[in-house]
Amino acid sequence: MPDTGFDTIQTERRGEVLVITLDRPDRLNAWTPHMSEELCTAIGDANAAADIGAIVMTGGGRAFCAGADMRDTFSARLEGNDPGADTANGQGGMPAGLDWVAFCRGSKPLLAAVNGAAVGVGMTMVLPFDVILASPNAKFSMAFIKVGLVPELASTHFLVQRMGFGRASAMTLSGQMLSGETAFASGLVDVLVEPDALVDQAVELATSIAANPAPQLQMIKELFTANACETDLDRVQSLESKYLRQCWESPEHAEAVSAFLAKRPPQFPPRQAVGTR
């Protein structure tokens, strides 16, 4: 059963996967600082849980997240009021002290299942995720230019990585909306799934990821974070070799080899908490 102990999200366990649903459908799941705090609590709890291996985020209702709540964030700030959690001193409008990008990159594997409109922060907050799935009903927009703002949350880095310089520039300079199909064709979306199967397929992929050894999953995430744009190939190989040597001595590697030789499924050691705060 879903956990309704939050105000702006719901959580539900599906085996070793935690599904987080943005839950402000009457406002198209518009983002608020409070929502980001609740997301951090839910993801942080999942990172500390040994029986959870991956996390899926989706939206309730017909939208994924239609951007920052105009009334509760932008209007409040223009009126001289803090929208909450001292966002003026945070990064990218997030609460002060929260580095959302580092939080996501240090988390257990994160998958986004984008079911509808993902606009502004509704899009940028999932760009640091490991995999983005979407349905043809999804719509993506870097609409910052339309409201006199610039992108945030390292999206000018991740968007170029995903789409390439030209497509990322066109999307952000125009504020145009991309369909799910176009986003998939451009590389912004990794997997395109029919609407009725979207969350189930995201959970299926997350489950297959969660079945792998947890320390090595975190190492791979760290390697991509550090090496994706590194041009010094000696540094790239140096970090890979550092982690490879650790893997050679790990119980996970030993168990995988033993299981392969014995023609049986591996039984990896229990997961340890992942610290992302």
Side-chain angles (χ1 to χ4, degrees), residues 21-22 24-33 35-36 39 56-75 77-78 83 87 91-94 100-101 104 110-199 201-202 228-229:
T21 302
L22 306 181
R24 301 184 73 211
D26 55 322
R27 303 298 293 274
L28 299 180
N29 301 320
W31 178 94
T32 65
M35 177 183 282
S36 67
L39 287 171
V56 170
M57 184 190 298
T58 192
R62 61 191 179 92
F64 179 74
C65 175
D69 190 301
M70 285 282 188
R71 181 188 65 195
D72 294 346
T73 59
F74 295 149
S75 292
R77 191 176 291 112
L78 288 171
T87 57
Q91 290 188 333
M94 286 287 175
W100 177 257
V101 174
C104 292
L110 288 163
L111 295 82
V114 182
N115 56 299
V119 179
V121 69
M123 176 175 162
T124 62
M125 70 176 173
V126 300
L127 289 179
F129 280 27
D130 301 292
V131 184
I132 298 176
L133 301 91
S135 83
N137 294 340
K139 297 179 180 178
F140 296 85
S141 177
M142 295 284 284
F144 300 95
I145 191 68
K146 296 296 188 182
V147 290
L149 297 174
V150 298
E152 87 285 88
L153 302 180
S155 57
T156 51
H157 166 84
F158 287 111
L159 199 62
V160 171
Q161 279 195 313
R162 287 184 172 272
M163 301 178 71
F165 185 87
R167 287 172 174 168
S169 294
M171 189 175 187
T172 53
L173 294 174
S174 69
Q176 66 182 333
M177 185 84 73
L178 300 186
S179 67
E181 292 96 334
T182 302
F184 174 65
S186 71
L188 171 58
V189 167
D190 304 305
V191 184
L192 193 66
V193 186
E194 287 304 309
D196 292 344
L198 177 63
V199 174
Q201 189 159 329
C229 291

Trainee: Applying side-chain hydrogen bond (donor to acceptor under 3.5 Å, both in side chains), can you list everything that pairs with Arg62, at least two apart in sequence or on another chain?
Mentor: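 Arg62 satisfies side-chain hydrogen bond (donor to acceptor under 3.5 Å, both in side chains) with no other residue.
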Trainee: To check you understand the geometry: which heavy-atom pair defines the closest contact between Val101 and Ala154, and what is its length?
Mentor: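 In terms of heavy atoms, the two residues are closest at CG2-CB, 4.0 Å.
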Trainee: Which pair of heavy atoms, one from Gly180 and one from Leu192, lies closest together, and at what distance?
Mentor: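 In terms of heavy atoms, the two residues are closest at O-CD1, 3.7 Å.
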Trainee: Tell me the closest heavy-atom pair linking Met123 and Ala118, and the distance in Å.
Mentor: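 Where Met123 meets Ala118 most closely, the heavy atoms are CB-O, 3.7 Å.
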Trainee: Ignoring hydrogens and angles, tell me if any N or O in the side chain of Asn115 forms a donor-acceptor pair with the backbone of Ala134 under 3.5 Å.
Mentor: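 Absent.
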Trainee: Would you name the heavy atoms of Pro25 and Gly60 that are closest together and state the gap between them?
Mentor: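 In this case the closest contact between Pro25 and Gly60 is CB-O, 3.9 Å.
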Trainee: Should Ile132 and Leu127 count as side-chain neighbours, where that means a heavy-atom distance under 4.5 Å?
Mentor: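 In contact.
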Trainee: As an exercise, state the distance from CE of Met57 to SG of Cys65, rounded to the nearest 0.5 Å.
Mentor: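 Reported value, rounded in 0.5 Å steps: 9.0 Å.
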Trainee: What are the two closest heavy atoms between Phe158 and Leu153, and how far apart are they?
Mentor: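 What the structure gives for the nearest pair is CD1-O, 4.2 Å.
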Trainee: Taking atom types as modelled, is there a side-chain donor on Thr32 or Arg24 under 3.5 Å from an acceptor on the other?
Mentor: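 No - no donor-acceptor pair under 3.5 Å links their side chains.
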Trainee: Got a sec, which residues hit side-chain contact (heavy atoms from CB on, under 4.5 Å) with Arg71, two or more places apart in sequence or on another chain?
Mentor: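 Partners of Arg71 under the side-chain contact (heavy atoms from CB on, under 4.5 Å) test: Arg27, Asp69.
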Trainee: For Ile145, enumerate each residue passing the side-chain contact (heavy atoms from CB on, under 4.5 Å) test, keeping only those at least two apart in sequence or located in another chain.
Mentor: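 For Ile145, no residue satisfies side-chain contact (heavy atoms from CB on, under 4.5 Å) once neighbours in sequence are set aside.
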Trainee: Taking side-chain hydrogen bond (donor to acceptor under 3.5 Å, both in side chains) as the definition, give me every residue that meets it alongside Ser179, ordered by chain and number, with sequence neighbours left out.
Mentor: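 Checked Ser179 against side-chain hydrogen bond (donor to acceptor under 3.5 Å, both in side chains); matches are Thr182.
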Trainee: Can you tell me if Asn29 uses its side chain to pair, donor with acceptor, with the backbone of Phe64 under 3.5 Å?
Mentor: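 At least one qualifying donor-acceptor pair exists.
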Trainee: List in chain and number order the residues that pass side-chain contact (heavy atoms from CB on, under 4.5 Å) with Ala68, two or more places apart in sequence or in another chain; answer none if no residue qualifies.
Mentor: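 Result, side-chain contact (heavy atoms from CB on, under 4.5 Å) vs Ala68: Trp31, Thr73, Phe74, Val121.
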Trainee: Which residue pairs satisfy the side-chain hydrogen bond (donor to acceptor under 3.5 Å, both in side chains) criterion with at least one member in residues 136-150, sequence neighbours excluded?
Mentor: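 Every candidate side-chain hydrogen bond (donor to acceptor under 3.5 Å, both in side chains) pair involving residues 136-150 fails, so no pair, neighbours aside, qualifies.
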Trainee: Return all side-chain donor-acceptor pairs below 3.5 angstrom for residues 162-175, not counting sequence neighbours, or 'none' if the list is empty.
Mentor:
| from | atom 1 | to | atom 2 | distance (Å) |
| --- | --- | --- | --- | --- |
| Arg162 | NH1 | Leu188 | O | 3.4 |
| Arg162 | NH1 | Asp190 | OD1 | 3.4 |
| Arg162 | NH1 | Asp190 | OD2 | 3.1 |
| Arg162 | NH2 | Phe129 | O | 3.3 |
| Arg167 | NH1 | Ser186 | O | 3.3 |
| Ser169 | OG | Phe165 | O | 2.9 |
| Thr172 | OG1 | Ala168 | O | 2.9 |
| Thr172 | OG1 | Ser169 | O | 3.3 |
| Ser174 | OG | Ala170 | O | 2.6 |
| Ser174 | OG | Gln176 | N | 3.1 |

Trainee: As an exercise, state the distance from CE of Met70 to CG of Leu78, rounded to the nearest 0.5 Å.
Mentor: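 Here the rounded value is 10.0 Å.
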Trainee: Could I get the full list of side-chain contact (heavy atoms from CB on, under 4.5 Å) partners for Val150, not counting sequence neighbours?
Mentor: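 For Val150, no residue satisfies side-chain contact (heavy atoms from CB on, under 4.5 Å) once neighbours in sequence are set aside.
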Trainee: Among residues at least two apart in sequence or on other chains, which ones pass side-chain hydrogen bond (donor to acceptor under 3.5 Å, both in side chains) with Glu152?
Mentor: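 By the side-chain hydrogen bond (donor to acceptor under 3.5 Å, both in side chains) rule, Glu152 matches Thr124.
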Trainee: Do side-chain atoms of Thr58 reach the backbone of Ala113 as a donor and acceptor pair under 3.5 angstrom?
Mentor: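 Checked: pair present.
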Trainee: Does Gln161 have any side-chain hydrogen bond (donor to acceptor under 3.5 Å, both in side chains) partners at least two apart in sequence or in another chain, and if so, which?
Mentor: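 Gln161 satisfies side-chain hydrogen bond (donor to acceptor under 3.5 Å, both in side chains) with His157 only.
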